[in-house]
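Shown next, in structure tokens, is the structure this report addresses.
All values derive from a computational prediction rather than experimental measurement. Note that ligands are numbered from 1 as they come in the structure, with each ligand's atoms numbered from 1 the same way.
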Amino acid sequence: MPAVALPVLGAEDVLAGLRALRTRQPVKFAAFYSSQLGGIVTDPALMIIPFDDHMVHRGHGIFDTAGLVNGRIYDLEAHLDRFLGSAERSKLKLAGSREEMRDIIIKTAAVSQLRDGAIRYWLSSGPGSLELSPAAGAQPGFFVMIFGGLSYPERWYTDGLRVMTTTYPIKPPLYAITKATNYLPNVLMQMEAKEAGLDNGVFIDENGFVGESSNMNVAFVTRDGVFRHPQFKSVLPGCTSLRLLDLAKELVGRVITAVEVSDIPVSDARAAREMLLLGSSVKVAPIVEWDRQPIADGKPGPVARALLNLLEEDMRTGDRLIDVPY
Ligand SMILES: Cc1ncc(COP(=O)(O)O)c(C=O)c1O
């Protein structure tokens, strides 16, 4: 076998390599802030993090994602609340105050010039060693990425999605409610569903209660019209779910009879009138088939549509919007 040529690279070679990578795989990343770099970059080749950052090699980091809608950031305070809760449970030091992080997020969004997309931000425990515990004196890192956002096929909204119960175990409660960078179960669940020709998976907990999907919550409309959501014990407290549980009160007496958060046995869930997928990226989408069985008549229902309308209205004209100073 011929020996592999392994050059020892200098700084310029590395930069050329990073640029070549982005040429092979173009990405829609518009701006990136790094506390380690001390500023914002717009060239995706420069959106990098040191390999020895504890977030990279041990998964000791957390993140959150908020939406950028029409030049405004939607519900950032709810996402920051969750971010700070995740940081505390992960024993991560903050890289600045909440106000400073909010300010950096807004300024990075302004530099991006993007008006619609997503804002994802991370807190890492920092570089300095390859140990299991963070390096002594490691500086926490804060990173913000403004990008095109996740997009889903139009048919999810018009025809509905098809999901399966995943064979992968659900995260224990502490890890489920903490938005850490350890998404292996979520990744495997989504890959498994795609390999089966389906759209996504659903976790079920050890007591037989419905959990959540890969990066979205699930909820139901019962036969008697209750909008029913799983408790936030073994599932991430979705900002979209929490907002919709409040907004949905407007629909009581119209398309729903009540709003309820409770443990949902799989048997109740399978008998639902509607099954819904909720999240910042997907918003509200109807699930019409679960484990190859139709949900009710296998067609998208009116509550999915009504909730989507409520959420879109809140994103356009609600009181949870921050103007980006472009
Ligand atoms: C595992 C998981 N569940 C649920 C959600 C939905 O949360 P949100 O509505 O805040 O997007 C997400 C997305 O952040 C997630 O990653």
Notebook entry, point to check: Are Thr65 and ligand 1 in contact, using a heavy-atom cut-off of under 4.0 Å?
Noted result: no

Checklist line | Stepwise side-chain hydrogen bond (donor to acceptor under 3.5 Å, both in side chains) check, Tyr175 with Lys179 | finding: CA-CA 8 Å; Tyr175 304 123; Lys179 210 164 156 56; over 6 Å; no

Next item on the list: Check each atom of ligand 1 against the heavy atoms of Gly279 and keep those under 4.0 Å away; list them by number with element.
Entry: 9 (O), 11 (O)

Next item on the list: State whether Trp290 and Arg162 meet the cation-pi test: NZ (Lys) or CZ (Arg) under 6.0 Å from the six-membered ring centroid, and within 45° of the perpendicular axis.
Entry: no

Notebook entry, point to check: Is it the case that Gln231 and Ser262 place a side-chain donor and acceptor less than 3.5 Å from each other?
Noted result: no

Next item on the list: Just need the protein heavy atom nearest to atom 14 (O) of ligand 1, so name the residue and atom and give the distance.
Entry: Lys179 NZ, 2.7 Å

Check: With a cut-off of under 6.0 Å to the ring centre and 45° to the axis, is Lys249 in cation-pi contact with Phe227?
Finding: no

Notebook entry, point to check: Stepwise, does the side-chain contact (heavy atoms from CB on, under 4.5 Å) test hold for Glu77 with Arg98?
Noted result: CA-CA 10 Å; Glu77 297 311 323; Arg98 179 187 180 117; 2.8 Å; yes

Next item on the list: Give me the ring orientation class for His54 and His60: parallel if the planes are under 30° apart, tilted from 30 to 60°, perpendicular past 60°.
Entry: perpendicular

Checklist line | Identity and distance of the protein heavy atom lying nearest atom 9 (O) of ligand 1 | finding: Thr240 OG1, 2.6 Å

Next item on the list: May I ask you to check whether Thr178 and Arg89 show a side-chain donor-acceptor distance below 3.5 Å?
Entry: yes

Checklist line | N or O contact, Asn186 vs ligand 1, cut-off under 3.5 Å | finding: no

Margin query: Can you name the atoms of ligand 1, numbered from 1 with element, that are less than 4.0 Å from a heavy atom of Glu212?
Written below: 1 (C), 2 (C), 3 (N), 4 (C)

Check: What atoms of ligand 1 come within less than 4.0 Å of a heavy atom belonging to Ser280?
Finding: 8 (P), 9 (O), 10 (O), 11 (O)

Item checked: Contact atoms of ligand 1, heavy-atom distance to His79 under 4.0 Å -> 10 (O)

Notebook entry, point to check: Is there a heavy atom in Ser214 that sits closer than 4.0 Å to ligand 1?
Noted result: yes

Margin query: Using a 4.0 Å cut-off to any heavy atom of Tyr183, which atoms of ligand 1 qualify?
Written below: 1 (C), 15 (C), 16 (O)

Item checked: For atom 6 (C) of ligand 1, closest protein heavy-atom neighbour -> Asn217 OD1, 3.5 Å

Check: When only distance counts, is Gly238 in polar contact with ligand 1, meaning an N/O pair under 3.5 Å?
Finding: no

Margin query: Give me the nearest non-hydrogen protein atom to atom 13 (C) of ligand 1 as residue plus atom name, then the distance to 0.1 Å.
Written below: Asn215 O, 3.3 Å

Notebook entry, point to check: Is Arg82 close to ligand 1, meaning an N/O of one under 3.5 Å from an N/O of the other?
Noted result: yes

